[in-house]
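Model, not experiment: these values are computed from the prediction. Throughout, protein chains are lettered first and strands after them, A, B, ... in sequence-line order, and every chain is numbered starting at 1.
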There are 2 protein chains.
Amino acid sequence: MGNIHDIARLAGVSAATVSRVMNDYPYVSKEKRQAVLEAAEQLHYEKNINAVHLARGKTETIGVILPFVSHPYFGMILSGIAEAAEKRGYKLLIMQTNYNVIQEIEALNMLKLKQVDGLIVISRECPLELIEDYSGCGRIVLCEALAGSSLSSVFVNQYEAFQSTLSFLKEKGKTRIGYSVLRKEGKSSNARKKAYEQQFGKAPCHWVFDQALTVEDGTRIAGKWAALSDRPDSMIITNDFVAAGFLLECRRLGFSIPGDVSLIGFDNHPISAALSLSTVELPLQQLGTIAFEQVLSSKVSHKEVPFQLIERGSV
Amino acid sequence: MGNIHDIARLAGVSAATVSRVMNDYPYVSKEKRQAVLEAAEQLHYEKNINAVHLARGKTETIGVILPFVSHPYFGMILSGIAEAAEKRGYKLLIMQTNYNVIQEIEALNMLKLKQVDGLIVISRECPLELIEDYSGCGRIVLCEALAGSSLSSVFVNQYEAFQSTLSFLKEKGKTRIGYSVLRKEGKSSNARKKAYEQQFGKAPCHWVFDQALTVEDGTRIAGKWAALSDRPDSMIITNDFVAAGFLLECRRLGFSIPGDVSLIGFDNHPISAALSLSTVELPLQQLGTIAFEQVLSSKVSHKEVPFQLIERGSV
DNA sequence: GTAAAGTATGAAATGCGTTTCAGAACAAGC
DNA sequence: GCTTGTTCTGAAACGCATTTCATACTTTAC
């Protein structure tokens, strides 16, 4: 298995001409093109992509930082990214971080080392400043509200989404509204806190449950909810999986939904339809696709994707 | 930002010595090591990883072929792979194929082009022979029973798992057992067909539902089940998501589980616990981890991971 | 004191494709 | 017939780190 020079020798042309043929460039005579193709065939030539990456200074590969690949929330975004990447002929290097900063940094370094042309951060633990330090090394897109930053972003307006969900519940006569978040000190948590304050005044909500990501978390939180003496009459839940766990555990404990507690999830994952769970639909796949388009674009942009409240039977 | 030669010049040493320092090789004097590090600092040196890949002839990257990243079944396996990869300092290049052969081939070509050192095929559409053609280009591991092949494999014994689930249902007095599969002509489908024949004789099961992967599929199949005049008294379902859709739709239609139909899912995803759904636990994450160990190993192996029936309230 | 073993270092080869630049060859335009 | 514009082509530079080989200098070992 030879290289480009072996082919050149065999075909009686220069390496430059071989390169032209291999990349379908014009200005190569029919005879030489033919000779090169035959020589390549004969030598079972295969391009060494690493040499191409070195010579061209780019890899047509985008890195993706995300905490968990097995959770559908992240999976859906990743899927949107993957679909767009495929269309553009790009590869995807993924980094499952478990929200571990060390691993996030390792992923950022791929950008510095030119292993990837750009980076999409689906969710992160490390401070934004750290990421900004790498902005000179390549394009970076974050999946969170970042208006004004020098990094591109695509996001759901968490504040508005939560706000309008709160309004909806209030209209339904709910006054004691609790909610869950993934991380106590996250972007999304702050947005929720603010929206809550805006609706209910300065006193912070005292029915906030954190560490809510999976079905089990929902089950656990339902137990906590049930044990409260001043139970909230409704809960806005991180995502449909947590909501599913919550809903099913409540039922198991003998409570009725929405009789004893109203529930609203997020994402509109198919499980929510099956459970007749009201939810806020988020176009996660589309969000991923947009993120990918942004990472290829030379200009910084901030794009908001819409959300939509889907009413079912849990309120 | 210079390269290794600039550093060599500035530090008054050779490029070889710089390389030695950068890779923590021994046999470099304290003074020169110091001088190199200072020069590197001064020039803001960053290794060009593509040059390393070219020079070393490998990339410390493993490719992963899977049809859908957003489904937890594949996500869990991927997560196990990712965890193992992280421990060994490897990167992961993923290829979401949608079971599209063209894309599977594209992924296989990454091996040929030396873009990845090995390949893990979580699930595939293309014929095995096609994959075997690439075995000379690097290590390949498939997540399916492949005893005797020249490619490594890690798998759940689908035949036995299905067989013992059938036995279990029979012991419970079930005689009309239906089941669902993802693809009509898949490895797993054949194993199920065989196990069924073994239990019930040559006549093929006439309650087989295919295209069963998601919650919606479960909902759809429940509808079909309900519309049958000769409904089976129990169903073994592809995975817990499909089972969840099936179970919830049955309830919605006024049937009771297990009164009207017994249900057994696969995977033991948390949703099954929340639904009190009996299921066959599969150690998917572990399977992924093993696949990764195999792809790094120089010898071909075939490893079976255990399954375990978890009894809950759906039988 | 001499052989053997270990430490330290650089030149040069290696991995390989891309791209620029200069020039040649030939066709078309006036 | 001469200028201008196209089409072709190859030499050489470029991207960059790794690794082998030969050599020289130190230490131990006996």
Could you state the atom-to-atom distance from [atom1] of [X] to [atom2] of [N] in whole Å?
X        : N       : atom1 : atom2 : value
Ile7(B)  : dT18(D) : CD1   : P     : 11 Å
Ile4(B)  : dG10(C) : CD1   : P     : 13 Å
Met22(A) : dT18(C) : CE    : P     : 9 Å
Leu54(A) : dG17(C) : CG    : P     : 11 Å
Asn23(B) : dT19(D) : CG    : P     : 7 Å
Lys58(B) : dT18(D) : NZ    : P     : 12 Å
Glu31(A) : dT9(D)  : CD    : C1'   : 13 Å
Asn48(A) : dT18(D) : CG    : P     : 16 Å

### First of Lys30(B) and Ala51(B) reached from the 5' end of DNA chain C, by closest nucleotide
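Mapping each residue to its closest nucleotide by heavy atoms, the 5'-most match is Lys30(B).
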Measure from the side-chain heavy atoms of [X] and tell me the nearest of [options].
X        : options                   : answer
Val13(A) : dT19(C), dC16(D), dG10(D) : dG10(D)
Ala16(B) : dC16(D), dA11(C), dG17(C) : dA11(C)
Lys47(B) : dG17(C), dG10(C), dA17(D) : dA17(D)
Val52(B) : dG10(D), dT18(D), dT9(C)  : dT18(D)
Arg56(A) : dC16(D), dT19(C), dG17(C) : dT19(C)
Thr17(A) : dG10(C), dT18(C), dG10(D) : dG10(D)

### Query
If you count the non-hydrogen atoms of other residues, nucleotides and ligands that lie under 6.0 Å from NZ in Lys47(B), is the total more than 12?
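Counting other residues, nucleotides and ligands, NZ of Lys47(B) exceeds 12 neighbours.
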Quick one: is [N] close enough that its OP1 or OP2 comes under 4.0 Å of any side-chain N or O from [X]?
X        : N       : result
Ser19(A) : dT18(C) : yes
Tyr27(A) : dC8(D)  : no
Ser14(B) : dT9(C)  : no

### Task
Start with the C-alpha gap between Glu106(A) and Lys91(B), add the side-chain angles, then the distance that decides, and say whether salt bridge (charged side-chain N to carboxylate O under 4.0 Å, His left out) holds.
CA-CA 10 Å; Glu106(A) 205 179 312; Lys91(B) 300 288 195 295; 3.7 Å; yes
### Query
Looking only at N and O atoms, is any donor in the side chain of Arg20(B) or the base of dG10(C) less than 3.5 Å from an acceptor on the other one?
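Yes, the side chain and the base share a sub-3.5 Å donor-acceptor pair.
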### Task
Please work out if His5(B) contacts a base, only the sugar-phosphate, or nothing of the nucleic acid, heavy-atom cut-off 4.0 Å.
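The residue His5(B) makes base contact.
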### Query
So does Glu46(A) pair up with Lys114(B), basic N to acidic O under 4.0 Å?
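No, this pair does not count.
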### Message
Under the criterion ring-ring contact (aromatic ring centres under 6.0 Å, His included), I'd like the reasoning laid out for Tyr73(B) against Phe68(B): C-alpha separation, chi angles, the key distance, then a yes or no.
### Response
CA-CA 9 Å; Tyr73(B) 173 82; Phe68(B) 312 109; over 10 Å; no
